[in-house]
Enquirer: 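First the structure, then my questions, so here it is.
Keep in mind that the numbers below use all heavy atoms, side chains included, and drop hydrogens, waters and symmetry copies. In what follows, chains carry the letters A, B, and so on, assigned in the order in which the sequence lines appear, proteins first and then strands, with residues in each chain numbered from 1.
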Amino acid sequence: MNFVEELRWRGMLHDFMPGTEDQLQKEMTTAYVGIDPTADSLHIGHLVSIMMLKHLQRAGHKPLALVGGATGMIGDPSGKSEERSLLSEEELRRNEEAIKKQLLRFLDFDEGPNHAEIVNNYDWMKDFSFLGFLREVGKHLTINYMLAKDSVKKRLETGLSFTEFTYQLVQGYDYLYLYKNKNCKLQMGGSDQWGNITTGAELIRRKTGGEVYALTCPLITKADGNKFGKTEQGNVWLDPRYTSPYHFYQFWLNCSDTDSEKYIRIFTLLSKEEIDKLIEEHRQEPHKRMLQKTLAEDITVRVHGRQTYETAVEASGILFGKGTAEALHKIPEDVFLAVFEGVPLFEVAYDTISQGADIVDFLAEHTGIAKSKGEARRMLKEGSVSINKQKVLDATTVDETYLINQKYIVVQRGKKNYFLVKAKS
RNA sequence: GGGGGGGUUCCAGAGCGGUCAAAUGGGGCAGACUGUAAAUCUGUUGGCUUCGCCUUCGGAGGUUCGAAUCCUUCCCCCCCCA
């Protein structure tokens with residue numbers, strides 16, 4: 001199955017320029033996607049671009065991951081309703097390094113004709129003078145052409161700085177540079193990148209007469225219309241410091257049925273046959289949630305490793321299984337700590353607990369589980385608070401008999417939100 | 001420059017002298033049902049020393065026993081005419 005067909009059945013194909021397929025048939029083609037280092041970790045939204053590169057490589061072509069050290073300094077207006085604030089240079093350099101490290105895990109960088117490479121547009125942009133840029137790049141495209149781009153049009157009402165307006169030229173130049181220096185003939189990205197990509201293709205055509213291509217994938221959506229990859233806590237990051245492996249695993253495990261059918265095609269490398277079979281099985285026995293489990297396993301293992309995945313599964317079992325207060329008390333401390341790794345932790349003086357703390361004070365004052373006493377009372381009224389897996393309904397006093405291992409109290413707000421309270425002497 | 005309309009609790013949007021911590025919808029959170037899904041239904045959605053009190057309706061003053069509601073002034077948005 002060729003690359004384009006592969007993307008098509010996976011639902012990862014939005015649009016491509018005429019001739020793209022022929023080019024890919026004709027020869028081993030080098031293609032790139034750009035990632036702007038706006039943070040020091042990738043999030044799962046980036047995973048889509050990375051999977052495109054992965055499929056490209058599996059189809060025998062050569063993937064380039066472009067870290068946008070230069071473009072990241074400017075800010076892409078695509079899909080943004082407001083001007084972006086600039087990141088400091090040292091921040092960007094740090095982010096680049098972190099992102100590079102993460103990328104190494106997903107593609108094959110070993111020797112071979114189509115081994116993956118990471119490039120950074122800062123390397124070729126940093127010494128490019130303003131006048132040089134105007135003469136070499138700006139001269140070849142008209143304002144009229146640039147204004148016609150959606151990303152620009154949408155911002156004309158609300159305002160767009162010259163800097164962001166210029167973004168497409170900088171990205172366009174990247175394409176030109178990679179075309180000349182790496183024989184790169186295809187640029188890929190999310191559908192919001194179409195305008196930026198075609199600017200590059202146009203620049204290459206006018207400057208060199210060369211023919212290059214574009215391919216985009218649709219924006220990933222959720223069935224309920226919300227933005228993909230966001231939770232109440234914000235983005236789902238690959239870096240375990242920002243999103244614990246447990247939460248990462250839970251994110252995928254919690255996908256709705258409709259979404260998982262879609263995501264398993266996009267985020268795993270399972271074959272069409274395997275996926276069709278899984279979907280069929282899932283429809284037969286939906287309560288087993290084979291789709292979500294397979295999806296979560298596949299991605300978590302690839303991002304965090306098998307070992308960490310196992311821990312996340314074990315933790316989930318304890319937290320969501322038929323775990324009772326007794327079970328909780330029986331867990332050895334090291335397992336206990338692994339299970340609750342990444343769960344918000346509050347420290348309370350041992351004396352406060354041994355003296356007996358009113359549940360409302362305990363939730364709102366001694367810990368920050370509730371934002372105010374009013375909220376704490378509401379939670380209790382709703383019946384959404386559990387301590388050590390035991391529902392708390394009315395006024396209770398929390399004392400040392402609640403401590404697990406003489407140290408911990410497990411508090412739940414609703415089914416999914418866990419908090420750990422540690423007594424310190 | 002002239003004329004008109006607005007700024008309300010997370011958002012949209014009512015209220016236009018007391019009964020307003022403020023309708024309704026959305027969103028958020030929770031409960032029930034389930035499969036840690038979807039849909040649905042229910043509750044809840046300023047704070048506190050909670051049968052009461054305090055802070056909120058663009059900012060600052062004022063009228064009044066009493067103001068989100070009236071007056072003055074300032075700031076900001078939108079529309080129309082020049």
Enquirer: Name the closest nucleotide to the A:K381 side chain, picking from B:rU44, B:rC29, B:rU36.
Expert: B:rU44
Enquirer: Verify, without hydrogens or angle tests, whether A:Y32 (side chain) and A:C184 (backbone) share a donor-acceptor contact under 3.5 angstrom.
Expert: no
Enquirer: If you check the A:D257 side chain, which of B:rG35, B:rA30, B:rA32 turns out closest?
Expert: B:rG35
Enquirer: With A:R206 as the cation and A:Y145 as the aromatic partner, state whether NZ or CZ is under 6.0 Å from the six-membered ring centre and within 45° of the axis.
Expert: yes
Enquirer: Could you tell me how far apart A:R378 (CZ) and B:rG31 (P) are, to the nearest whole angstrom?
Expert: 14 Å
Enquirer: Give a yes or no on whether a donor-acceptor pair under 3.5 Å exists between the nucleobase atoms of B:rU34, that is its base, and the side chain of A:K415.
Expert: yes
Enquirer: Is the NZ or CZ atom of A:R93 positioned over A:Y122's six-membered ring, under 6.0 angstrom from the centre and within 45° of the axis?
Expert: yes
Enquirer: Tell me whether the side-chain N or O atoms of A:E382 pair up with the base of B:rG31 as donor and acceptor below 3.5 Å, since no angle test is needed here.
Expert: no
Enquirer: From the options B:rG35, B:rU36, B:rA38, select the nucleotide whose nearest atom is closest to the side chain of A:S316.
Expert: B:rU36
Enquirer: Looking at A:R378 and A:E382, is any side-chain nitrogen of the basic one under 4.0 Å from a carboxylate oxygen of the acidic one?
Expert: no
Enquirer: Whole-Å distance between B:rA38 P and A:K222 NZ?
Expert: 9 Å
Enquirer: Name the orientation of the base relative to the sugar in B:rU69: syn if the glycosidic angle is within 90° of 0, else anti.
Expert: anti
Enquirer: Measure NZ/A:K371 against P/B:rG28 and give the value in whole Å, please.
Expert: 14 Å
